[in-house]
Amino acid sequence: MADKLEQKALITIFGGTGDLANRKLYPSLYHLFRKGYLKEHFAVIGTARREWSDDFFRQKVTESIQDIEGSEKDAEAFASHFYYQSHDVTNRESYVKLKNLSEKLDEKYQLEGNRLFYLAMAPNFFGTIASRIQSEGFVDTEGFHRLIIEKPFGHDLESAKELNDSLRLAFNENEIYRIDHYLGKELVQNIPVLRFANPLLNAVWNNKYIANIQVSLTETLGVEERGRYYDESGAIRDMIQNHTLQIVSLLAMNPPIDLTTEDIRNEKVRALRSLRVYEGKEVAENFVRGQYGAGEVDGETLESYRDDKNVDSASTTDTFVAAKLMVDNDRWAGVPFYIRSGKRLNKKATQIAIEFKKNPHHLFGDESLAGNTLVINVQPDEGIYLYLNAKKPGGGMESMPIQLDYSHTSPDGSPIPEAYEKLILDSLRGDATYFSHWDEVSTSWNLVDHVIEEWNKETPEFPNYASGSTGPKAADELLARDGFKWFDK
Ligand code: BG6
């Protein structure tokens with residue numbers, strides 16, 4: 001009987017010698033192997049410019065999984081499915097060789113023509129590769145053909161459109177899996193379940209009960225080795241256009257008709273399209289940008305962004321963004337969605353806080369009575385917390401804030417799968433729910449492009465926050481103006 005778990009496919013990774021492949025893709029594939037999703041019928045071709053042998057490649061793959069407990073037992077069996085092909089993405093001959101190898105492996109492992117192409121490399125060649133995949137007949141087999149593509153998906157709406165058009169020459173929209181690794185995180189995937197599986201929350205998820213929603217994606221690291229890419233991108237393209245707005249869309253969307261990929265995506269797109277697009281001076285009123293200066297963290301002095309060796313010494317690139325977004329529909333009229341993301345801040349955390357409105361009349365006579373807040377801790381310490389008020393032990397009716405905690409772990413105690421592991425499995429199974437649809441990508445770019453256009457008209461006074469701090473003061477003022485402050489627990 002056919003094994004239901006097992007996914008049959010040839011996985012071709014462009015950028016097979018790169019950092020992403022080593023740090024994320026090979027360990028994720030190994031976990032899928034260990035769990036039986038990949039078994040006999042799979043093969044992986046790693047391609048890149050370098051001349052490597054299969055043996056050397058397998059050694060690298062084995063090294064990439066050596067820290068996984070117990071991997072010494074089956075690392076060799078796993079790595080035996082890996083093949084290396086040196087590849088020049090612009091050279092036709094290279095594709096001919098790659099295709100021959102693909103056909104050979106298809107037959108050897110009986111892969112039924114299923115092909116997954118993973119572009120884990122610089123985006124400037126995405127279009128070239130996709131069109132070659134088509135013109136050289138890689139997608140003429142019987143099975144499925146899917147393309148996984150990493151961010152950045154364009155630099156602005158126009159370049160994203162160009163990129164998309166080039167991919168669409170070879171693949172349909174439903175064959176393109178645009179990775180947003182935040183959508184693979186357990187607690188992000190939890191948002192729709194929490195909202196729609198709980199009548200209690202579903203009933204209050206609107207402007208009658210919610211005062212504001214906050215989404216914070218903060219990091220302690222600077223730009224590390226990625227200064228060259230980052231200086232062209234900034235936090236707004238690196239973290240806001242994709243990860244942050246994806247989370248906002250899950251929080252703001254209306255209930256889908258069904259839990260199908262299409263129904264969920266339709267509602268996410270509607271939510272994104274309801275986001276107010278700021279123009280002119282509204283941008284400065286609702287968006288704060290920042291760039292980190294030097295600072296001292298744990299006794300160590302950290303250099304400023306502009307002092308990074310790969311960054312322009314007068315760079316005006318944003319390493320921090322905070323914004324007040326408004327969702328212009330009946331459900332959310334009047335409820336601000338505050339977002340922020342930045343590098344070199346005081347902590348690494350992704351946290352969503354839903355602050356509920358306070359009682360309209362103060363039965364407890366106390367203005368300082370804590371509000372009810374639902375917190376979704378995406379990382380670290382994955383969990384869900386609800387802040388309520390309860391009676392102080394002892395006599396009287398005095399209240400005190402309490403916290404209900406739920407810590408998210410696998411039912412059997414095994415580690416929660418990493419985002420990449422889940423997303424690769426989804427793509428093998430043909431489930432695109434937690435990938436970004438083109439309509440989502442383009443709508444997000446439109447919003448972000450308007451902000452950048454306005455920013456480009458003025459030179460910001462950077463740096464405006466110290467490494468290790470909570471970010472620029474203006475980000476706190478953004479909320480203070482509305483009588484709120486950033487949730488920080
Ligand atoms: C990436 C950004 O998409 O996400 C990086 O390009 C950022 O700049 C990273 O550091 C953060 O991801 P995570 O999973 O560590 O929160």
Side-chain angles (χ1 to χ4, degrees), residues 15 18-25 27-28 31 118-123 126 148-156 160 177-191 215-248 250 289-292 297 302 305 308 310-311 315 317-322 339-352 376-383 408 415-424 434-436 440-441 444-445 448 467-468 471:
D19 188 51
L20 179 76
N22 273 309
R23 274 190 314 112
K24 302 284 187 192
L25 308 188
S28 296
H31 284 297
Y118 201 123
L119 306 189
M121 56 183 300
F126 287 175
I148 302 191
I149 143 165
E150 279 290 331
K151 69 181 261 272
F153 200 88
H155 189 71
D156 51 20
Y177 289 69
R178 297 178 196 80
I179 288 249
D180 183 313
H181 77 284
Y182 270 68
L183 289 179
K185 294 189 191 273
E186 266 295 308
L187 269 289
V188 172
Q189 298 194 347
N190 226 302
I191 299 170
V215 181
S216 284
L217 289 73
T218 61
E219 299 188 82
T220 48
L221 292 180
V223 288
E224 311 308 298
E225 297 305 313
R226 296 162 71 228
R228 203 155 292 138
Y229 147 77
Y230 196 89
D231 211 30
E232 295 290 310
S233 152
I236 197 158
R237 294 186 174 95
D238 189 50
M239 296 291 282
I240 302 289
Q241 183 271 337
N242 37 56
H243 312 318
T244 315
L245 291 181
Q246 281 291 333
I247 294 175
V248 168
L250 288 168
R289 56 177 156 163
Q291 186 191 78
Y292 63 80
V297 177
L302 299 172
Y305 176 73
D308 186 287
N310 295 319
V311 162
S315 172
T317 297
D318 48 295
T319 61
F320 177 98
V321 174
I339 57 171
R340 67 175 163 175
S341 180
K343 296 217 179 267
R344 277 284 178 77
L345 297 171
N346 62 335
K347 63 176 177 186
K348 165 78 185 171
T350 302
Q351 194 175 55
I352 300 161
I376 303 172
N377 255 8
V378 176
Q379 60 184 18
D381 307 327
E382 287 109 328
H408 193 74
I416 295 178
E418 232 258 310
Y420 273 93
E421 180 188 332
K422 283 194 287 169
L423 293 175
I424 294 174
Y434 288 109
F435 292 82
S436 316
E440 298 165 14
V441 174
S444 306
W445 271 127
V448 160
S467 286

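None of these values were measured; they are calculated from a predicted model. Just so you know, ligand 1 is whichever comes first in the structure, and atom 1 is the first atom listed for that ligand.
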Check: Does Q189 reach the main-chain N or O of L183 with its side chain, forming a donor-acceptor pair under 3.5 Å?
Finding: yes
Check: Near R226, which atoms of ligand 1 are under 4.0 Å from a heavy atom of that residue?
Finding: 2 (C), 5 (C), 6 (O), 8 (O)
Item checked: Protein heavy-atom partner closest to atom 15 (O) of ligand 1 - residue, atom, separation in Å -> K348 NZ, 3.0 Å
Notebook entry, point to check: Nearest protein heavy atom to atom 14 (O) of ligand 1, by residue and atom, and its distance?
Noted result: K185 NZ, 2.6 Å
Checklist line | Atoms of ligand 1, numbered as shown, that sit under 4.0 Å from any heavy atom of K343 | finding: 5 (C), 7 (C), 8 (O), 10 (O)
Item checked: Shortest protein heavy-atom distance from atom 10 (O) of ligand 1, along with the residue and atom involved -> E219 OE1, 2.6 Å
Next item on the list: Classify the angle between the aromatic ring planes of Y230 and Y305 as parallel (below 30°), tilted (30 to 60°) or perpendicular (above 60°).
Entry: perpendicular
Next item on the list: Specify the protein heavy atom at minimum distance from atom 4 (O) of ligand 1: its residue, its atom name, and the distance to 0.1 Å.
Entry: H181 CE1, 3.3 Å
Margin query: Between E186 and H408, is there a side-chain donor-acceptor contact under 3.5 Å, judged purely by atom types and distance?
Written below: yes
Check: Is the closest heavy-atom distance from Y230 to ligand 1 below 4.0 Å?
Finding: no
Check: Just how far is it from atom CE of M239 to atom CD1 of I339, taken to the nearest 0.5 Å?
Finding: 11.0 Å
Notebook entry, point to check: D318 side chain to A235 main-chain N or O, any donor-acceptor pair under 3.5 Å?
Noted result: yes
Checklist line | Proximal atoms of ligand 1 relative to H243 (non-hydrogen, under 4.0 Å) | finding: 1 (C), 3 (O), 4 (O)
Next item on the list: Flag the pair E382 and K185 as a salt bridge only when some basic side-chain nitrogen lies within less than 4.0 angstrom of an acidic carboxylate oxygen.
Entry: no
Next item on the list: Kindly indicate whether the side chain of D238, heavy atoms from C-beta on, has any atom under 4.5 Å from the side chain of R226.
Entry: yes
Next item on the list: Considering the heavy atoms of K151, write down every atom of ligand 1 situated less than 4.0 Å from one of them.
Entry: 1 (C), 2 (C), 3 (O), 6 (O)
Next item on the list: Looking only at protein heavy atoms, identify the closest one to atom 16 (O) of ligand 1 and say how far it is in Å.
Entry: Y182 OH, 2.4 Å
Next item on the list: Around atom 8 (O) of ligand 1, find the nearest protein heavy atom and jot down its residue, atom name and distance.
Entry: D238 OD2, 2.6 Å
Note to self: Go through it in stages, so that I can follow the logic: the residues are T350 and Q379, the test is side-chain hydrogen bond (donor to acceptor under 3.5 Å, both in side chains), and I'd like the CA-CA distance, side-chain angles, deciding distance and then a yes or no.
What the structure shows: CA-CA 5 Å; T350 302; Q379 60 184 18; 3.1 Å; yes
